[in-house]
Amino acid sequence: MRGHIPPAEAVPGYLTLSERDAAIWERARAHLRVRNNDTHTLYAYGLARALVARVPGADESVVLPAILLHDTGWSTVPDDQILEAIAPGGGRPDLVRQHETEGARIATEILGDLGHPADVIARVVAIIDGHDSRLEALSVDDACVKDADKLWRVTPHGIEIVCGWFGLSRDESLRITSARVQSSLFTDEARAMGLALAAIGSIDLLPERQGLV
């Protein structure tokens with residue numbers, strides 16, 4: 001059987017971090033150790049990689065650094081205030097803006113230290129500075145970052161984390177995240193991914209599924 005297993009690089013969708021992205025991650029992770037942002041970021045990175053491979057015109061040299069760095073600014077917000085900021089209804093838009101502007105500053109420093117081109121840094125920073133508060137997408141790259149960030153909420157990991165944040169059941173978490181995510185996605189590719197994730201999540205909740213070994 002093992003003789004038929006293909007190498008990882010030959011499997012569509014099988015991901016590892018490139019040398020460039022691993023270097024960014026190593027610098028970013030110190031800023032992501034709040035509210036599961038480190039794990040969230042890696043899942044969002046995987047979703048962004050899938051989107052970049054399918055969305056025409058998307059530039060991976062912008063999208064992937066942006067998704068790895070987009071939530072670094074939450075490290076500047078007191079941990080006990082983050083849930084208030086991200087709760088449905090938008091309780092603290094000032095804190096949302098703080099994490100965007102601080103994330104843009106952190107991204108500028110990290111990418112500059114790592115030697116990324118000035119034009120790439122400018123495009124990444126423009127995406128991060130507004131990735132949650134800005135309702136429109138500045139570009140196809142911005143759309144991919146926004147979509148990957150939101151799609152995480154419908155992954156099994158995202159559903160579980162939202163349950164813990166707000167004291168919801170898995171069914172309640174799936175319903176609120178799926179409804180909010182689908183209505184705010186920009187690309188057809190992300191909408192297809194969101195529907196697939198919601199379908200898997202809802203099948204897992206079926207009594208017919210739960211009754212199986």
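When a residue number appears, it is its place in the shown sequence, counting from 1.
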Specify the closest pair of heavy atoms between [X] and [Y], including all atoms of both residues, with the distance to one decimal.
X: Val154; Y: Gly194; answer: CG1-O, 4.3 Å
X: Ala148; Y: Ala44; answer: CB-O, 3.5 Å
X: Ile67; Y: Ala48; answer: CG2-CB, 4.1 Å
X: Gly57; Y: Val140; answer: O-CG1, 3.5 Å
X: Trp152; Y: His157; answer: NE1-ND1, 3.0 Å
X: Pro65; Y: Val124; answer: CB-CG2, 4.2 Å

If you measure from [atom1] on [X] to [atom2] on [Y], what distance do you get to the nearest 0.5 Å?
X: Ile200; Y: Arg209; atom1: CD1; atom2: CZ; value: 12.0 Å
X: Ser169; Y: Ile159; atom1: OG; atom2: CD1; value: 11.0 Å
X: Leu206; Y: Ile203; atom1: CG; atom2: CD1; value: 4.5 Å
X: Leu64; Y: Ile24; atom1: CG; atom2: CD1; value: 8.0 Å
X: Ile106; Y: Thr76; atom1: CD1; atom2: OG1; value: 6.5 Å
X: Leu185; Y: Leu151; atom1: CG; atom2: CG; value: 5.0 Å

Shared ILVMFWY cluster between [X] and [Y], side chains joined below 4.5 angstrom?
X: Leu17; Y: Val63; result: yes
X: Ile127; Y: Val55; result: no
X: Ile128; Y: Val77; result: no
X: Ile161; Y: Val181; result: yes
X: Val52; Y: Leu47; result: no

Among residues two or more places apart or on two chains, list those pairs meeting salt bridge (Lys or Arg N to Asp or Glu O under 4.0 Å) that have a residue in [range].
range: residues 148-169; value: none
range: residues 197-208; value: none
range: residues 63-78; value: none

Are [X] and [Y] side-chain neighbours, meaning at least one heavy-atom pair lies under 4.5 Å?
X: Val162; Y: Leu168; answer: yes
X: Leu205; Y: Arg170; answer: yes
X: Leu95; Y: Ile82; answer: no

Between the side chains of Glu172 and Arg175, is the shortest nitrogen-to-carboxylate-oxygen separation below 4.0 Å, so that they form an ion pair?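 Salt bridge between Arg175 and Glu172, a charged N being under 4.0 Å from a carboxylate O: no.
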
Should the pair Arg97-Asp129 be classified as a salt bridge under the 4.0 Å nitrogen-to-oxygen rule? yes

With Glu109 via salt bridge (charged side-chain N to carboxylate O under 4.0 Å, His left out) - residues at least two apart: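 With sequence neighbours excluded, Glu109 shows a salt bridge (charged side-chain N to carboxylate O under 4.0 Å, His left out) to Arg105, given in chain and number order.
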
How would you list all residue pairs meeting side chain to side chain donor-acceptor pair (under 3.5 Å) that involve residues 47-69, not counting sequence neighbours? Arg20-Glu60, Tyr45-Arg49, Asp59-Ser61, Asp59-Arg123

Could you note down all residue pairs passing side chain to side chain donor-acceptor pair (under 3.5 Å) where residues 186-203 supplies at least one of them, sequence neighbours left out? Asp147-Thr187, Asp188-Arg191

Under a single-linkage rule joining Ile, Leu, Val, Met, Phe, Trp and Tyr whose side-chain heavy atoms are separated by less than 4.5 Å, which residues share a cluster with Leu138?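 Traced through the cluster, Leu138 reaches no other member.
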
Donor-acceptor pair between His99 and His70 side chains, under 3.5 angstrom: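 No - no donor-acceptor pair under 3.5 Å links their side chains.
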
Per-pair distances, 0.1 Å, donor-acceptor, side chain in residues 5-12, under 3.5 Å, sequence neighbours excluded:
none

Please tabulate, one pair per line, all N/O donor-acceptor pairs under 3.5 Å involving side-chain atoms of residues 25-33, not counting sequence neighbours.
| unit_1 | atom_1 | unit_2 | atom_2 | d |
| --- | --- | --- | --- | --- |
| Glu26 | OE2 | Arg29 | NH1 | 3.4 |
| Arg27 | NH2 | Asp113 | OD2 | 3.0 |

Does the side-chain contact (heavy atoms from CB on, under 4.5 Å) test come out yes or no for Leu51 and Met193, once each step is laid out? CA-CA 9 Å; Leu51 286 172; Met193 292 167 66; 3.6 Å; yes

Test item: Glu102 side-chain N/O and Trp74 main-chain N/O as donor-acceptor pair under 3.5 Å: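 No: the side chain of Glu102 does not pair with the backbone of Trp74.
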
The criterion is side chain to side chain donor-acceptor pair (under 3.5 Å); which residues satisfy it with [X], sequence neighbours excluded?
X: Gln81; answer: none
X: Thr39; answer: none
X: Ser183; answer: none

Could you give me the CA-CA distance, side-chain angles and deciding distance for Gln98 and Arg92, then say whether side-chain contact (heavy atoms from CB on, under 4.5 Å) is met? CA-CA 10 Å; Gln98 178 180 326; Arg92 292 292 302 274; over 6 Å; no

